[in-house]
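Accompanying notes for the structure given below.
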Amino acid sequence: MRSGHLSVSASKLVLEIVLLVTGIHSNKEVAKKIKRPKFAVPQINCDVKAGKIINSEFMVKCPAGCQDPKYHVYGTGVYASYSSVCGAAVHSGVLDNSGGKILVQKVAGQSGYKGSYANGIQSLSLPRWRESFIISESKPQKGVTYPSTLTYSSAKNPAAQAGEATKAYEKPSITGTTTQPVTLTQALAIPVAEATHRTTSKPLAASVTSSPRPQPVGHRSQEMGLWSPTSYAGSQHSPGSHPGEMGVWKPGPVLLDSGFVPKEELSTQSSEPVSQGDPNCKVDLSFLIDGSTNIGKRRFRIQKQFLADVVQALDIGPAGPLVGVVQYGDIPATQFNLKTHVNSQDLKAAIEKITQRGGLSNVGRAISFVTKNFFSKANGNRGGAPNVAVVMVDGWPTDKVEEVSRVARESGINVFFITVEGAAESEKQYVVEPNFSSKAVCRTNGFYSFNVQSWLSLHKTVQPLVKRVCDTDRLACSKTCLNSADIGFVIDGSSSVGTSNFRTVLQFVANLSKEFEISDTDTRIGAVQYTYEQRLEFGFDKYNSKNDILSAIRRVGYWSGGTSTGAAIQYALEQLFKKSKPNKRKVMILITDGRSYDDVRIPAMAAYRKGVITYAIGIAWAAQDELEVIATHPARDHSFFVDEFDNLYKFVPRIIQNICTEFNSQPRN
């Protein structure tokens with residue numbers, strides 16, 4: 001009887017254990033299903049502004065057609081939160097007009113958002129705004145939880161209009177032991193004071209994760225201008241978080257994106273604003289780093305550390321230097337362009353993530369790639385800033401660099417070479433192109449070349465390199481044939497020309513002037529008209545834009561009189577070229593329709609001695625022998641004759657070509 005009772009008890013015990021194990025297993029399965037929800041990227045419309053979305057970091061999907069100008073964008077690279085999120089994504093180049101997924105990160109408000117035209121969108125300027133955001137490609141960061149549903153600052157939900165289902169948030173209970181789902185509508189109905197209190201105790205599960213997280217590319221630390229805990233009323237750090245982390249920074253419950261920041265509130269912003277960069281080092285800089293197999297992993301890491309040290313030494317920012325990186329091996333590839341990262345902190349983080357490509361050391365192909373692709377407006381090239389390419393080479397290139405480097409120099413790129421552990425005497429037989437560095441750099445005077453004996457001593461080159469790339473007055477290859485001259489036109493206004501033909505001559509002068517880059521720091525234009533007498537129409541310092549120059553040329557009045565060409569040359573030397581800048585090439589373009597009444601030999605020789613390059617253009621009754629005396633040697637390249645005024649325009653391309661050919665043939669020393 002007892003044994004039967006024990007048997008029944010044992011059976012019950014076994015059954016209970018089986019049920020318990022089965023329950024635990026099923027609970028685990030349920031837990032697994034709960035822990036691994038499928039992430040759905042929220043969709044928004046083109047008109048949704050970043051300031052309407054409370055989340056500090058999120059992924060969204062933009063529709064097609066957001067390139068429309070009615071979706072306003074404010075700023076460049078870093079955008080005011082009053083901007084259309086999707087419009088900013090197209091402007092930044094992360095998306096095209098067909099739409100797609102993007103990652104959005106909120107950062108500090110700024111003063112002086114600058115407008116620019118990029119990718120079919122004209123962004124607007126804005127004096128200041130309380131909040132900013134940056135756009136990057138939709139690559140989720142490991143360990144980061146992105147919301148499946150966005151929280152908006154008003155009851156109107158643009159995402160819902162796009163057809164997205166509202167998903168549940170988790171609301172912490174008072175005890176903190178159980179959770180209940182809360183819909184988006186309920187979450188928005190929470191009073192401001194209550195929402196603020198909850199934020200300080202435990203964040204909404206769908207908004208942030210309380211676990212530490214890696215800094216994403218494009219991350220701005222608090223040091224670089226993130227909002228401090230006092231930047232918004234009610235904004236606080238969650239427990240276990242670190243000040244300055246992008247993941248725990250949150251705007252306050254009310255986003256004031258309906259107006260500019262009042263003066264009395266400016267003091268609430270971070271005491272360390274985003275750096276605008278060193279204006280004394282405003283250069284667009286491309287680093288060509290060696291990713292060939294030969295360099296090896298250890299030296300590749302040293303190269304990246306050197307690059308990070310240079311970036312740290314430069315005060316990166318929109319008003320100062322900007323840096324992009326191209327890595328080469330068999331084929332070059334852009335790691336990031338000039339506008340991808342606009343402060344040193346972000347750049348250093350991006351450099352750390354670069355991985356070695358491998359392959360040969362095709363430096364020539366890399367230089368050609370940079371010349372054709374890198375320094376474009378779409379990649380952040382600013383036009384007014386010198387273009388600099390710093391080429392890093394381990395040993396020697398496996399292809400030729402001379403011809404592609406010449407094209408780079410003539411395109412205005414200042415090529416620097418850093419050669420580390422160059423070929424020893426016994427290795428020079430393997431070098432494809434002897435003296436490759438001197439054939440590539442902007443000038444052969446030593447300013448553009450660094451020969452480093454060992455990778456272990458590369459760090460000593462940081463400060464000398466920074467000093468040289470920032471010395472914009474010595475960046476000689478920024479000067480091209482179209483942006484580095486003082487060009488003085490000496491125009492025959494004698495009676496034989498006539499009013500109608502004189503207007504044709506002025507059109508010829510305008511056509512030539514249009515070809516140059518005109519400003520007070522680039523090419524400058526001046527003009528003298530002569531008969532028996534001479535008149536300064538305008539000097540080099542009178543106008544500093546192309547439109548002003550063309551207008552001034554149109555206003556020149558016909559004088560009429562004799563033809564004293566010799567006296568006109570002398571007058572131009574004294575009244576025009578005497579005020580030329582020392583670093584400018586002096587070019588005189590003289591236009592006449594007849595033989596001079598006075599001697600031209602002595603004034604022409606004086607022009608030569610003063611370093612003035614003279615082009616002589618004769619029309620109709622001009623004496624060709626006299627033109628050859630006036631023109632700089634060789635006369636065949638500097639003197640031109642045309643039988644009729646109406647054919648003057650045909651010589652514009654040839655004159656420009658000769659000016660540029662002469663400029664580019666100068667010794668590189």
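From a predicted model like this one, the values you see are computed outputs, not experimental measurements. Computed from heavy atoms alone, side chains included, the values below leave out hydrogens, waters and symmetry copies.
Looking at Q529, its side chain does come within 3.5 Å of a backbone N or O of W559 through a donor-acceptor pair. Using modelled atom types, no side-chain atom of D284 and backbone atom of P386 make a donor-acceptor pair closer than 3.5 Å. Between the side chain of N501 and the backbone N or O of F645, no donor-acceptor pair lies under 3.5 Å. A donor-acceptor pair under 3.5 Å is formed between the side chain of N483 and the backbone N or O of T480.
Side-chain atoms of S344 and D315 include no donor-acceptor pair closer than 3.5 Å. Judged by distance alone, the side chains of T398 and N362 do bring a donor and an acceptor atom under 3.5 Å apart. Residues S551 and R554 have side chains that bring a donor and an acceptor to within less than 3.5 angstrom of each other. In the model, S292 has a side-chain atom that pairs as donor or acceptor with a side-chain atom of D290 under 3.5 Å. Between the side chains of D548 and N544, no donor-acceptor pair is found at a separation under 3.5 Å. In summary, the side chains of Q570 and E574 do present a donor paired with an acceptor at a separation below 3.5 Å, with no hydrogens or angles considered. Remark: the N119 side chain and the D96 side chain contain no N/O donor-acceptor pair separated by less than 3.5 Å.
With sequence neighbours left out, N658 forms a side-chain hydrogen bond (donor to acceptor under 3.5 Å, both in side chains) with no residue at all. Every residue meeting the salt bridge (Lys or Arg N to Asp or Glu O under 4.0 Å) condition with R406, not counting sequence neighbours, appears here in chain and number order: E403, E410. Shown here are the salt bridge (Lys or Arg N to Asp or Glu O under 4.0 Å) partners of E537, two or more places apart in sequence or in another chain: R535. Under the ring-ring contact (aromatic ring centres under 6.0 Å, His included) criterion, F336 pairs with H341, not counting sequence neighbours. Residues passing the ring-ring contact (aromatic ring centres under 6.0 Å, His included) test with Y74 are Y82, sequence neighbours excluded. Residues passing the side-chain contact (heavy atoms from CB on, under 4.5 Å) test with S496, sequence neighbours excluded: S494, D593. Checked against ring-ring contact (aromatic ring centres under 6.0 Å, His included), Y328 has no partners two or more places apart in sequence or in another chain.
Note on K479 versus D522: no salt bridge recorded, every NZ/NE/NH1/NH2 to OD/OE distance being 4.0 Å or above. R524 has a carboxylate O that lies under 4.0 Å from a charged side-chain N of D486, or vice versa, which qualifies the two as a salt bridge.
The side chain to side chain donor-acceptor pair (under 3.5 Å) test with S596 singles out one residue from D599, T592, D598, and that residue is D598. When each of V310, V311, V323 is tested with I351 by the rule side-chain contact (heavy atoms from CB on, under 4.5 Å), just one qualifies, namely V311.
Side chains of F450 and T419 form no contact here, defined as non-hydrogen atoms less than 4.5 Å apart. Counting only heavy atoms from C-beta outward, the side chains of L314 and L347 never approach each other to under 4.5 Å.
Residue pairs meeting the disulfide bond (SG atoms under 2.5 Å apart) criterion with at least one partner in residues 523-617, sequence neighbours excluded, are absent. Listed by first and then second residue, the ring pair (Phe, Tyr, Trp, His ring centres under 6.0 Å) pairs that reach into residues 609-634 are Y615-H638, sequence neighbours excluded. For residues 588-661, the set of pairs meeting the disulfide bond (SG atoms under 2.5 Å apart) definition, not counting sequence neighbours, comprises C481-C660. Residue pairs that meet the ring pair (Phe, Tyr, Trp, His ring centres under 6.0 Å) test with at least one member in residues 512-542, sequence neighbours left out, are Y532-Y597, F538-Y543, F540-F577. For residues 483-512, every residue pair satisfying the ring pair (Phe, Tyr, Trp, His ring centres under 6.0 Å) rule, not counting sequence neighbours, is listed here: F502-Y558.
Residue K114 qualifies as open at atom NZ: its count of foreign heavy atoms under 6.0 Å is 12 or below.
Aromatic pair Y117/H91: centroids not less than 6.0 angstrom apart.
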